[in-house]
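First the structure, in the form of C-alpha cells, and then the observations on it.
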Protein chains: 2
Amino acid sequence: MAESPRNTRQRRAVATILDELHGFASAQEIYDSLRSKGDQVGLSTVYRTLQAMVEADEVDALRGGDGETLFRQCSAGHHHHLVCRSCSRAVEVEGPTVEKWADGVAAEHGFSDVEHTLEIFGTCAECAPR
Amino acid sequence: MAESPRNTRQRRAVATILDELHGFASAQEIYDSLRSKGDQVGLSTVYRTLQAMVEADEVDALRGGDGETLFRQCSAGHHHHLVCRSCSRAVEVEGPTVEKWADGVAAEHGFSDVEHTLEIFGTCAECAPR
DNA sequence: ATTCTTGCAAACTATTTGCAGAACA
DNA sequence: TGTTCTGCAAATAGTTTGCAAGAAT
C-alpha cells in the first residue's frame with residue numbers, strides 16, 4: 001500500500017486551516033492565513049502540501065477565473081461546486097443527471113474515456129446586495 | 001454603437017488561422033502556426049487580438065488542464081464543448097437540461113446572478129487506440 | 001493628420017524546482 | 001541513522017504592459 005506522508009508541523013497547520021475555511025482559497029491566501037495565525041510555513045511548502053492533498057483526494061482544486069488555483073477541503077466522491085464569487089463560500093452539489101448527460105453526449109460523438117468539469121458561480125444570499 | 005477594430009494584416013492573419021483550425025489551440029500554437037505560414041505577427045499582438053475576439057464573442061476561450069488558455073472560433077450563443085484530449089478537436093454541444101439544473105440548484109441555495117462552466121473531455125474516435 | 005495598432009523588451013503572476021540543512025520515524 | 005521534508009532563492013510558463021514607431025482611416 002501507499003506510504004503516507006510524514007506528520008509534520010507544517011502539514012498539520014495547512015490541514016487545520018483548510019478545516020477552518022468554509023470556501024475555496026488560493027495558495028497565497030492560505031499562506032497568509034497561516035502567517036497571521038503565527039504558523040510559519042514556507043510558500044513552497046504550502047504548494048507542495050496542497051498538491052499532495054489533492055492527489056490524495058483530501059482536497060479539491062479548481063481554477064478561478066483569473067488563473068489561480070483555489071483549494072478546499074471536500075468530501076470524497078464525484079461532486080461539483082456552487083461557489084460564491086464574492087466570498088468564495090462553496091456548496092457541494094451532485095448532479096447524476098448531468099453526469100449521465102455528459103457521458104451520453106460524449107458517447108454519441110464517439111468519444112471514450114470521458115471526464116468533465118462543471119462549476120457553478122453565483123452570489124450567495126449573504127453577499128447579495130439588498 | 002461600438003466601434004469595430006481596424007482591419008489590419010495581423011488581425012486578418014489570426015482570424016484566418018482560427019478559421020482553419022478544427023480544435024482549440026493556445027496562443028503560442030497560433031503564433032507558431034502563423035510563423036510557419038510566413039505570417040509575421042508578434043506574440044503580444046496574437047494575445048491582444050485573441051482577447052479582443054473573445055470579448056467580441058467571436059472566439060471561445062477555455063482553460064486547459066495545465067494552466068494555459070485555449071482558443072477556438074465558435075458559433076454564437078451559450079454552448080459547451082466536447083474536447084478531444086489528444087488532438088484538441090472540439091464539438092459544440094448544447095444542454096438545456098443542464099442549464100436548468102444548474103440554475104435550479106443555485107436558486108435552491110439562495111444564489112443569484114448564476115453562471116456556470118462545463119467542459120467535457122475525452123478521446124475522440126480517431127485518436128482512440130484501436 | 002489623427003488615432004489606433006504593433007512589436008519589442010521588460011514586468012508580472014502563479015507555480016515549480018535545486019539544494020543544503022532540519023525534522024521525522 | 002536514514003530518509004523525507006522544508007525553506008529559500010532562482011527558474012519557469014503564460015500572459016500583460018509601456019512605449020516609440022508604423023499603419024489604418
Side-chain angles (χ1 to χ4, degrees), chain A residues 1-18 21 23-56 58-72 83 88 119, chain B residues 1-18 23-56 58-72 88 119:
Chain A
M1 59 182 76
E3 45 240 76
S4 45
R6 284 185 178 172
N7 175 22
T8 66
R9 174 180 63 76
Q10 291 85 336
R11 250 167 238 264
R12 262 176 279 128
V14 172
T16 303
I17 284 283
L18 286 169
L21 284 176
F24 280 90
S26 67
Q28 272 292 347
E29 286 169 341
I30 291 168
Y31 171 78
D32 291 341
S33 302
L34 287 168
R35 289 238 134 181
S36 56
K37 266 185 56 174
D39 284 331
Q40 174 86 357
V41 180
L43 182 56
S44 351
T45 302
V46 172
Y47 273 108
R48 279 189 280 231
T49 305
L50 288 170
Q51 191 177 283
M53 288 172 154
V54 168
E55 264 155 35
E58 292 163 24
V59 166
D60 270 17
L62 80 78
R63 223 35 99 55
D66 52 343
E68 62 188 359
T69 304
L70 304 175
F71 303 88
R72 179 172 185 271
V83 186
S88 290
E119 308 295 342
Chain B
M1 61 183 76
E3 45 242 75
S4 44
R6 285 185 179 172
N7 176 22
T8 66
R9 173 180 64 76
Q10 292 85 337
R11 253 167 236 264
R12 263 176 277 128
V14 172
T16 302
I17 285 283
L18 286 170
F24 281 89
S26 66
Q28 272 292 346
E29 286 167 344
I30 290 168
Y31 171 77
D32 291 341
S33 301
L34 288 168
R35 290 239 133 180
S36 55
K37 267 185 55 175
D39 285 331
Q40 174 87 355
V41 181
L43 181 55
S44 351
T45 301
V46 172
Y47 273 107
R48 280 189 280 231
T49 305
L50 289 170
Q51 192 178 282
M53 288 173 154
V54 168
E55 265 155 34
E58 292 163 24
V59 165
D60 270 17
L62 81 78
R63 223 39 97 53
D66 52 343
E68 61 189 0
T69 304
L70 304 175
F71 303 89
R72 179 171 184 270
S88 290
E119 309 294 343

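Keep in mind that the numbers below use all heavy atoms, side chains included, and drop hydrogens, waters and symmetry copies. Lettering of chains follows the sequences in order, A, B, ..., and the numbering in each one begins at 1.
Each of T16(A), T45(A), L43(A), I17(A) was evaluated against L34(A); a single residue qualifies, I17(A), per the side-chain contact (heavy atoms from CB on, under 4.5 Å) test.
For DNA chain D, the span of nucleotides reached by chain B at under 4.0 Å from its heavy atoms goes, 5' to 3', from dG14(D) to dT25(D). Contact footprint of chain B on DNA chain C: nucleotides with an atom under 4.0 Å from a non-hydrogen protein atom, first to last in 5' to 3' order, dT3(C) to dA9(C).
Projected onto DNA chain C by closest heavy-atom contact, T45(B) and R6(B) fall at different nucleotides, the more 5' of which corresponds to R6(B). The residue among P5(B) and E68(B) whose nearest nucleotide of DNA chain D lies closer to the 5′ end is E68(B). For R11(B) and Y31(B), each mapped to the nucleotide of DNA chain C holding its nearest heavy atom, the one lying further toward the 5' end belongs to R11(B).
In this structure, E58(B) CD and L50(B) CG are separated by 11.0 Å, a value rounded to the nearest 0.5 Å. With values rounded to the nearest 0.5 angstrom, I30(A) atom CD1 is found 10.5 Å from F24(A) atom CZ. In this structure, CD on E68(A) lies 10.0 Å from CG on L62(A), to the nearest 0.5 angstrom. Summarising the geometry, atom CZ belonging to R63(A) is positioned 11.0 Å from atom CG belonging to D66(A); distances are rounded to the nearest 0.5 Å.
Within the nucleic acid shown, T69(B) comes within 4.0 Å of sugar-phosphate atoms alone, with no base atom in reach, counting heavy atoms only. No engagement by Q28(A) is indicated, since no non-hydrogen atom pair under 4.0 Å with the nucleic acid exists. Residue contacts shown for R48(B) include a base, since a base heavy atom lies under 4.0 Å away. Heavy atoms of S44(A) sit under 4.0 angstrom from at least one base atom. Note on R9(B): only backbone sugar-phosphate atoms sit closer than 4.0 angstrom, heavy atoms only; bases stay farther off. Nucleic acid contact class of D66(B) (heavy atoms, under 4.0 Å, all strands): none.
Scanning both residues, V46(B) and A27(B), for their nearest heavy atoms gives CG1-O, 3.9 Å.
No donor-acceptor distance shorter than 3.5 angstrom exists from the side chain of R9(B) to the backbone of D39(B), with no hydrogens or angles considered.
The shortest side-chain heavy-atom distance between N7(B) and R12(B) falls under the 4.5 Å cut-off.
Axis orientation changes by 30° from one end of the helix from dA1(C)-dT25(D) to dA25(C)-dT1(D) to the other, with each end axis drawn from 5 pairs and the value rounded to 10°.
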Discussion item. Between V14(A) and Q10(A), is the side-chain contact (heavy atoms from CB on, under 4.5 Å) condition met? List the steps.
Written reply: CA-CA 6 Å; V14(A) 172; Q10(A) 291 85 336; 5.6 Å; no

Fill in: From CA spacing to verdict: side-chain contact (heavy atoms from CB on, under 4.5 Å), M53(B), L18(B)
CA-CA 11 Å; M53(B) 288 173 154; L18(B) 286 170; 3.7 Å; yes

Discussion item. I'd like to know whether E29(A) forms a side-chain contact (heavy atoms from CB on, under 4.5 Å) with L21(A), so could you lay out the CA-CA distance, the side-chain angles of the two residues, the decisive distance to 0.1 Å, and finally the verdict.
Written reply: CA-CA 11 Å; E29(A) 286 169 341; L21(A) 284 176; over 6 Å; no

